[in-house]
Amino acid sequence: MSSSTSNSDRSGGESRRVYRKTFLAITLGMAAAMGIIRLITHLNDVGGDTIMSRIQEAWAALPDIVAEEDNVVMVFGSSMTEAGFSPRQFDRQMKEQGIAVKSFNFGFGGVNPYFQDYLARRIREAFEAKDRRLSLAVLEFVPFQATKARYAGAVSAIDSFVTILASPEEMWDIALQDPERGALMFNIRYLRDNVSAEIITDHFGGVLRPDRPRSSLPEDEAMSERRRELGDQLNAAFEEDYPDYAGEDWSYGWQGGGTIPEERSASTLEILPQYYETLRTPRRMENDKLNRISCCDIEELEFEEELVAAYIRIVKVFQQFSDHVEVVMLPRHTEWIRYSPEAAARLAAVLDRIRDETGVTIRDDQLLPGVTPEMFRDTTHLARYFGDVFYTSHLVDVYAPLLRSVAR
């Protein structure tokens, strides 16, 4: 009996040693794999501090925005808003009419309404925490940001972006509804520095995807060389004009917008139209259009229900802490971006749905009179000092009567 017991003890001890060694090997292997992933993302300057850095810098500024003494105006949208709205110009022109406001540009590239919905909630929380309200929220609707193609292109980023933008409570809600996904997202947030495996795979797997359509037009070599020369001059002028610029993607001092003509030298203002001309060569413009068609279905507009519903949630979130909310669509470069009759009908139906479900006013400025091709820097974005100046002045004309009635 004792011999049998001794053999059993030895066998059990040997099994436990094997289990411990196996567990240790798996743990060390996982730690090594995680270390390699973190090293790769670090070397590529990708992480929680760099993903959506413009959004995170604006988010960090919310306590200061909420504490502003004047009535606060926020223009919220995409990179088209970032390029097309000049908050300091808006405030100056309002002041000239005796209206004191502080406006902020909350335009961010690379995020569709699914992600903007989470950001809208964080903005609401900041205002409600101090019992403060926005005097005016102008929300941009970008049709090609709400398409099936746009959603498909962002699927790989969902878990990373949501872990950055979601509150702890929202993370727990996800975990309760889907424990497996919740565990994955907590892993991404706390162990992977907000970088999901899908983002890494999508990045390095890009070489395996078919090339997007490209223009067959010849490259204008002389114009390309001219663009480099003028770009170097503009970079040098910027460093001279803004020696203290710290490289922020979203600057509180600039209210989230860019530089303004009043701050620049006469020589810089002479160079800029020449530089923009070099950006608008037929080949570059056609490539830009083809890219927008490929990534976003910009001309046919097959809408994605998930993104349309998310946009409606955004409007409703802003309505909870804003005195006045309106939706705008920025000017469209109609020489390059043309809707088919079917696309126009689909867009009209979506706009009707947004109005019906929120009661919001929608201002369609896609065909705004006075907008010229020279006011664009590509097929979608307005050019700084030209398009943004014109469109910002338009918004002043539209909203001055409203803001005059609520001015403190």
Side-chain angles (χ1 to χ4, degrees), residues 41 46-66 74 76-78 104 106-134 137 139-142 145-146 150-200 202 250 304-322 325 354 357-358 360:
T41 56
V46 177
D49 293 335
T50 56
I51 295 176
M52 297 194 294
S53 58
R54 177 173 164 82
I55 287 179
Q56 295 196 69
E57 289 171 9
W59 187 352
L62 283 171
D64 292 325
I65 294 173
V66 172
M74 183 176 290
F76 180 94
S78 71
F104 294 91
F106 266 56
F108 306 102
V111 288
N112 62 43
Y114 186 93
F115 306 120
Q116 292 172 325
D117 178 26
Y118 282 94
L119 178 59
R121 300 178 211 174
R122 305 292 81 82
I123 297 170
R124 178 190 60 194
E125 290 169 354
F127 275 79
E128 290 183 344
K130 297 297 182 181
D131 195 25
R132 184 74 191 273
R133 295 182 64 81
L134 269 176
L139 311 180
E140 178 196 15
F141 179 66
V142 184
Q145 270 201 333
R150 181 72 169 184
Y151 185 77
V155 167
S156 64
I158 287 177
D159 286 345
S160 276
F161 285 12
V162 171
T163 57
I164 292 173
L165 295 170
S167 68
E169 293 78 14
E170 289 164 345
M171 291 280 286
W172 276 115
D173 287 342
I174 292 171
L176 291 173
Q177 296 172 19
D178 186 343
E180 183 176 349
R181 185 183 180 216
L184 172 64
M185 293 183 70
F186 276 92
N187 176 282
I188 293 170
R189 171 177 273 186
Y190 296 109
L191 297 180
R192 300 177 64 98
D193 195 22
N194 299 111
V195 181
S196 68
E198 288 81 3
I199 278 188
I200 296 173
D202 184 72
W250 193 97
E304 166 61 46
E305 168 60 25
E306 183 73 46
L307 297 182
V308 173
Y311 188 82
I312 289 170
R313 291 196 299 271
I314 291 167
V315 175
K316 291 180 177 179
V317 166
F318 272 94
Q319 286 175 329
Q320 293 171 29
F321 67 99
S322 305
V325 177
I354 295 170
E357 296 191 26
T358 67
V360 74

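Position 1 is the first residue of the sequence; numbering continues from there.
Annotation for Asn112 and Ala154: closest pair ND2-CB, 3.5 Å, computed over non-hydrogen atoms. The two residues Ser78 and Val142 have their closest heavy-atom pair at OG-CG2, 3.5 Å. For the pair Glu128 and Phe321, the tightest heavy-atom approach, listed with the atom from each and the gap, is CG-CB, 4.4 Å. Minimum heavy-atom separation, Ser322 to Arg133: O-NH2, 2.8 Å.
Distance CE/Met52 to CD/Glu57: 12.5 Å, rounded to 0.5 Å. Rounding to the nearest 0.5 Å places CD1 of Ile55 at 8.5 Å from CD1 of Ile164.
Taking the salt bridge (Lys or Arg N to Asp or Glu O under 4.0 Å) definition, one finds that Arg122 meets it with Glu125, Glu170, sequence neighbours left out. Evaluation of the side chain to side chain contact (heavy atoms under 4.5 Å, CB included) rule for Ala58 yields Phe106, Phe108, Trp250 as partners, not counting sequence neighbours. With sequence neighbours excluded, the residues that form a side chain to side chain contact (heavy atoms under 4.5 Å, CB included) with Ala175 are Trp172, Phe186. Glu306 pairs by the side chain to side chain contact (heavy atoms under 4.5 Å, CB included) definition with Tyr114, Tyr151, Glu304, Arg313, not counting sequence neighbours. Annotation: side chain to side chain contact (heavy atoms under 4.5 Å, CB included) contacts of Glu305 (sequence neighbours excluded): Ala309, Arg353.
Formation of a donor-acceptor pair under 3.5 Å by the Arg121 side chain with backbone atoms of Leu165 is not found in this model. Under the 3.5 Å distance criterion, the side-chain polar atoms of Thr163 are matched with a main-chain donor or acceptor of Ser160. Under a 3.5 Å cut-off, the side chain of Gln319 and the backbone N or O of Thr358 do form a donor-acceptor pair.
Sorted by first and then second residue, the salt bridge (charged side-chain N to carboxylate O under 4.0 Å, His left out) pairs with a member in residues 171-185 read Asp159-Arg181; sequence neighbours excluded.
For the pairing with Val360, the side-chain contact (heavy atoms from CB on, under 4.5 Å) check across Leu139, Val325, Ile312 returns one residue only, Val325.
The shortest distance between side-chain heavy atoms of Ile158 and Phe115 falls below 4.5 Å. Inter-residue side-chain proximity for Phe76 and Ile314 is flagged as met; some heavy-atom pair is nearer than 4.5 Å. Within the 4.5 Å cutoff, side-chain heavy atoms of Met74 are placed close to those of Phe318. Contact of the Leu62 side chain with the Ile65 side chain is registered, since non-hydrogen atoms from C-beta on lie closer than 4.5 Å.
Around CG of Asp131, the count of heavy atoms belonging to other residues, nucleotides or ligands within 6.0 Å does not exceed 12.
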